[in-house]
Amino acid sequence: MNFFDQVYNLTKKIPAGRVASYGQLAALISTPRAARIVGWCLHQMDTDADIPWHRVINSKGYITTTCEDHSADVQAKLLRKEGVKVSRKDELWWVDMKKFQLNPKLKVVS
DNA sequence: AAGGTGACTAACA
DNA sequence: ATGTTAGCCACCT
């Protein structure tokens with residue numbers, strides 16, 4: 001199983017109504033510094049894959065997608081549909097990580 | 001086979 | 001406190 005598959009697998013486990021950061025996912029796959037790869041992975045992923053890609057955002061809570069199919073607007077909409085509070089901040093969509101981050105305690109590492 | 005590319009981050013100035 | 005910089009590492013060309 002390659003890294004991408006692990007990312008996909010893990011992403012699927014994120015429950016609706018919660019979000020995780022790229023770095024957090026990387027840490028859970030035991031490669032704490034691979035945050036960028038996680039992002040790239042989701043960027044490259046098949047659009048039809050059954051993966052809740054929208055539940056993954058950056059460590060500060062901002063939505064920074066650059067995909068056209070998976071735009072930040074779409075992502076924000078999907079999250080709100082699941083009960084995650086998304087607001088406008090600095091021209092970007094933002095969610096409160098303190099409230100919605102998946103298992104914050106796991107973000108130890110380092 | 002080697003170097004480039006990120007939906008990132010933490011450390012610094 | 002805010003903006004920049006430099007590591008990060010699996011995959012692609």
Side-chain angles (χ1 to χ4, degrees):
Chain A
M1 178 181 275
N2 62 28
F3 190 88
F4 273 36
D5 289 327
Q6 293 186 60
V7 172
Y8 297 147
N9 256 335
L10 198 49
T11 304
K12 286 181 184 171
K13 292 179 181 168
I14 303 174
R18 311 240 82 183
V19 298
S21 75
Y22 302 97
Q24 185 178 12
L25 289 189
L28 290 175
I29 302 176
S30 68
T31 311
R33 322 234 142 123
R36 305 189 65 158
I37 309 174
V38 173
W40 191 49
C41 166
L42 294 174
H43 181 225
Q44 297 291 313
M45 128 190 113
D46 184 354
T47 309
D48 299 324
D50 181 25
I51 295 169
W53 57 273
H54 54 279
R55 303 195 190 132
V56 187
I57 60 185
N58 76 16
S59 65
K60 298 192 179 68
Y62 287 105
I63 292 175
T64 57
T65 56
T66 58
C67 264
E68 296 187 6
D69 334 340
H70 298 157
S71 73
D73 285 339
V74 171
Q75 185 167 0
K77 188 181 292 182
L78 287 170
L79 285 174
R80 280 197 292 229
K81 199 161 60 180
E82 296 180 343
V84 176
K85 196 173 177 184
V86 185
S87 55
R88 219 35 167 152
K89 200 162 194 167
D90 296 330
E91 308 273 316
L92 286 170
W93 291 109
W94 175 83
V95 323
D96 189 344
M97 289 301 269
K98 289 185 175 169
K99 292 182 183 172
F100 299 104
Q101 180 171 43
L102 169 68
N103 244 325
K105 291 178 182 174
L106 291 178
K107 192 187 177 183
V108 186
V109 187
S110 85

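Just so it is clear: chains get the letters A, B, ... in the order the sequence lines come, proteins before strands, and each one is counted from 1.
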Exercise. Please confirm whether A/Arg88 makes a cation-pi placement over A/Trp94, using NZ or CZ under 6.0 Å from the six-membered ring centre and within 45° of the ring normal.
Key: no
Self-check item: Atom-to-atom span, CZ of A/Arg33 to P of C/dA6 - whole angstrom
Solution: 18 Å
Practice problem: Measure from the side chain of A/Trp40, starting at C-beta and using heavy atoms only, and say which of B/dA7, C/dC9, C/dC11 lies closest. | Solution: C/dC11
Quiz item: Atom CH2 of A/Trp93 and atom P of B/dA7: how far apart are they, to the nearest Å?
Solution: 20 Å
Self-check item: Separation of atom CG in A/Leu25 from atom P in B/dT9, rounded to whole Å
Solution: 9 Å
Quiz item: Does B/dC8 have OP1 or OP2 sitting under 4.0 Å from an N or O in the side chain of A/Thr64?
Solution: yes
Self-check item: Nearest-nucleotide comparison on DNA chain C, the residue closer to the 5′ end among A/Thr31 and A/Arg36
Solution: A/Arg36
Practice problem: Measure the CG-CG distance between A/Leu28 and A/Asn103 for me, rounded to the nearest 0.5 Å. | Solution: 8.0 Å
Quiz item: Between A/Gln24 (side chain) and A/Leu102 (backbone), is there a donor-acceptor pair under 3.5 Å?
Solution: yes
Quiz item: From C/dA10, B/dA7, B/dC8, pick the nucleotide closest to the side chain of A/Phe3?
Solution: C/dA10
Quiz item: Taking A/Cys41 as the fixed residue, which of A/Tyr8, A/Trp53, A/Phe3 is the one that meets the side-chain contact (heavy atoms from CB on, under 4.5 Å) rule?
Solution: A/Tyr8
Quiz prompt | For atom CD1 of A/Ile29 and atom P of B/dC8, their distance in whole Å | solution = 15 Å
Practice problem: Kindly point out which of C/dC9, C/dC11, B/dC8 is positioned nearest to the side chain of A/Asn2? | Solution: C/dC11
Self-check item: Presence of A/Ser59 side-chain N/O under 4.0 Å of B/dC8 phosphate oxygens OP1/OP2
Solution: no
Quiz item: Is the phosphate of B/dC8, meaning OP1 or OP2, less than 4.0 Å from a side-chain N or O of A/Ser21?
Solution: no
Quiz item: Are A/Met97 and A/Leu92 connected, step by step, through hydrophobic side chains (Ile, Leu, Val, Met, Phe, Trp, Tyr) whose heavy atoms are closer than 4.5 Å?
Solution: no
Practice problem: Report the distance from atom CD1 of A/Ile57 to atom C1' of B/dT9, rounded to the nearest whole Å. | Solution: 14 Å
Practice problem: Please determine, for the side chain of A/Ala34, which listed nucleotide (B/dC8, B/dA7, C/dC9) has the closest atom? | Solution: C/dC9
Quiz item: What integer distance in Å separates A/Tyr22:OH from C/dG7:P?
Solution: 24 Å
Exercise. Could you state the atom-to-atom distance from NZ of A/Lys60 to P of B/dA11 in whole Å?
Key: 11 Å
Quiz prompt | Gap between atoms CD1 and C1', on A/Ile37 and B/dG6 respectively (whole Å) | solution = 10 Å
Quiz prompt | Candidates B/dC8, B/dA7, C/dC9 - which lies nearest the side chain of A/Ala35 | solution = B/dC8
